[in-house]
Amino acid sequence: MPELPEVETVRTGLLAHVVGHKITSATQLHERAQNPRSIAPIEDLAGSTVLDIKRRGKFLWFELDRSDVLVAHLGMSGQFLIDPRETRHTRAIFTLKKGRKETALHFNDQRTFGWVSLERKTDGIPTSVAKIAPDIFEPSFDQAAVIANVGRRKVKIKTAILNQNIVSGIGNIYADEALWLARVHPESVTHEMSAAAIGRTLDCAKEVMSQAIKVGGTSFDDLYINVNGESGYFAISLNAYGRENEPCSRCGTLIKRISFANRSSHFCPRCQKKRG
DNA sequence: GGAAATGTTTACCG
DNA sequence: CCGGTAAACATTTC
């Protein structure tokens, strides 16, 4: 269940295993595997060669030797796997060929919130990514503009940084970790926050996700693994997420878990204040 | 049986 | 129409 660092880890794996390969066939195995917005069945991909793999936030897309692209979102449990042993949740298969070498790229997804689709690009961005804000690592990310945007709103800061139309890539784990590092309470109302505190939250999100990318993302179980089936190691570095009733590594106060927006939020009630 | 799980979309409300 | 909130989607595990 991938956020930006996990999707970036998948992208890196696809760069190594898929770029330069020709898709000799594509097969949809589950009715929900293909996004309804797809302009054609993915079977039409046959004959295309993969030139590059791009990412914005949690969205991935395959650049091809044609103008349309293969877009993918992993949802909560989507995976791309090269020649996997486990095929129980395989929702689509892409057969790849480079020279004499043939590999199978599986799109697996236990919970079927993920999808793939064939889409057109506008100014280099696929249709389904058009309304997604740049993520924090993109050159086009405008931190001052995002701070102003967030400060204009009257929502909880965590809700704001989870909103993919404001800044993309941050999910529940890294939101909690960023807020912990920034010492900001997740329920701080954005309209009442200083620009400095909002900026610090964004800086910390970037810092935390940078560290996570270096170790292959966060894996709690085999629901998130890279294209070779390997786990990431960032779970050992988590300070807030999933640590309810464990001592805060800064001050020793027990981490608290609350619920809003249909999600759990973990934070230190002592270090993380609603203003500051 | 209930709750929860790394996400997005849509319906609804004021 | 807009901003904000809550439920729905599907599957599995604890």
Side-chain angles (χ1 to χ4, degrees), chain A residues 1-10 29-37 55-60 71-80 86 88-91 107-117 126-133 135 149-180 186-187 189-192 205 208-209 211-213 215-226 231-244 257-266:
Chain A
M1 319 183 214
E3 304 178 36
L4 189 154
E6 292 76 36
V7 178
E8 177 61 16
T9 301
V10 171
L29 300 175
H30 189 287
E31 57 173 351
R32 290 167 56 89
Q34 181 172 297
N35 190 309
R37 93 177 73 217
R55 181 187 59 71
R56 165 167 284 184
K58 306 169 194 172
F59 288 74
L60 278 173
V71 186
H73 195 290
L74 303 179
M76 292 283 265
S77 54
Q79 311 175 327
F80 275 113
E86 175 60 64
R88 189 158 57 119
H89 299 298
T90 296
R91 310 303 189 195
F107 177 66
N108 285 20
D109 190 7
Q110 181 195 94
R111 292 169 66 181
T112 68
F113 287 170
W115 48 263
V116 294
S117 67
T127 312
S128 60
V129 190
K131 287 182 179 167
I132 302 300
D135 66 58
N149 182 348
V150 170
R152 221 178 294 128
R153 294 169 187 259
K154 258 175 118 167
V155 293
K156 293 168 178 151
I157 181 65
K158 182 168 171 185
T159 302
I161 61 174
L162 286 174
N163 184 334
Q164 307 297 304
N165 299 312
I166 300 176
V167 51
S168 68
I170 302 171
N172 210 31
I173 297 176
Y174 298 103
D176 280 0
E177 293 304 306
L179 291 164
W180 180 88
E187 292 184 293
V189 177
T190 51
H191 200 251
E192 298 166 357
V208 167
M209 291 196 292
Q211 296 302 323
I213 289 169
V215 296
T218 302
S219 303
F220 298 122
D221 50 36
D222 59 10
L223 275 189
Y224 170 71
I225 48 180
N226 70 12
S231 295
Y233 293 98
F234 195 70
I236 57 174
S237 304
L238 296 176
N239 287 298
Y241 185 87
R243 298 198 63 228
E244 182 183 18
R257 180 168 77 95
I258 60 173
S259 191
F260 60 88
N262 269 350
R263 302 203 156 241
S264 290
S265 291
H266 313 73

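Bear in mind the structure is a predicted one, so any value in this text is a computation, not a measurement. Chain A is the first sequence line, chain B the second, and so forth, proteins listed ahead of strands; every chain is numbered from 1.
- No side-chain N or O of A/Thr190 forms a donor-acceptor pair with one of A/Arg153 less than 3.5 Å apart.
- Not a single donor-acceptor contact under 3.5 angstrom links the side-chain atoms of A/Asn262 to the base of C/dA6.
- Side-chain proximity of A/Asn172 to C/dA10, B/dT9, B/dG7: nearest is B/dG7.
- Contact check, A/Lys58 against B/dT8: a side-chain N or O comes under 4.0 Å of OP1 or OP2.
- Side-chain atoms of A/Arg111 come within donor-acceptor range of the base of B/dA5, with a qualifying N/O pair under 3.5 Å.
- Panel note: side chain A/Arg32, backbone A/Thr112; a donor-acceptor pair is recorded below 3.5 Å.
- Of the listed nucleotides (C/dC9, B/dG7, B/dT8), C/dC9 has the atom at the smallest distance from the side chain of A/Arg32.
- For A/His73, taking side-chain heavy atoms from C-beta onward, the closest of the listed nucleotides C/dT12, B/dG7, C/dG4 is B/dG7.
- Distance noted for atom P between B/dT9 and C/dT12: 23 Å (whole Å).
- Both A/Gln110 and A/Ile132 lie near DNA chain B, and the one whose nearest nucleotide falls closer to the 5' end is A/Gln110.
- Results of the side-chain contact (heavy atoms from CB on, under 4.5 Å) test with A/Leu74 over A/Tyr224, A/Phe113, A/Phe59, A/Phe107 single out A/Phe107 as the only residue that passes.
- Distance from the side chain of A/Ser264 is smallest for B/dA5 among the nucleotides B/dA5, B/dT8, C/dA10.
- Nearest to the side-chain atoms of A/Arg263 among the listed nucleotides C/dT12, B/dT8, C/dT5 stands B/dT8.
- Taking a cutoff of 4.0 Å between a charged side-chain nitrogen and a carboxylate oxygen, A/Asp135 and A/Lys58 do not qualify as a salt bridge.
- Side-chain N/O atoms of A/Arg153 include one lying less than 4.0 angstrom from OP1 or OP2 on C/dG4.
- Distance, A/Lys156 NZ to C/dG4 P: 13 Å, rounded to whole Å.
- For the pair A/Lys154 and A/Arg91, nearest-nucleotide mapping onto DNA chain C gives the more 5' position to A/Lys154.
- Contact annotation: A/Gln164 side-chain N/O to B/dG7 OP1/OP2 distance is not under 4.0 Å.
- For the pair A/Phe113 and B/dG7, the ring geometry qualifies as stacking, because the centroid separation is below 5.5 Å while the planes lie within an angle under 30°.
- Using the six-membered ring where Trp is involved, A/Phe234 and A/Tyr174 have ring planes that are tilted, between 30° and 60° apart.
- With a cut-off of 3.5 Å on both Watson-Crick or G-U wobble distances, the partner of C/dG4 is given as B/dC12.
- Atoms NE2 (A/His89) and P (C/dT13) sit 7 Å apart, rounded to a whole Å.
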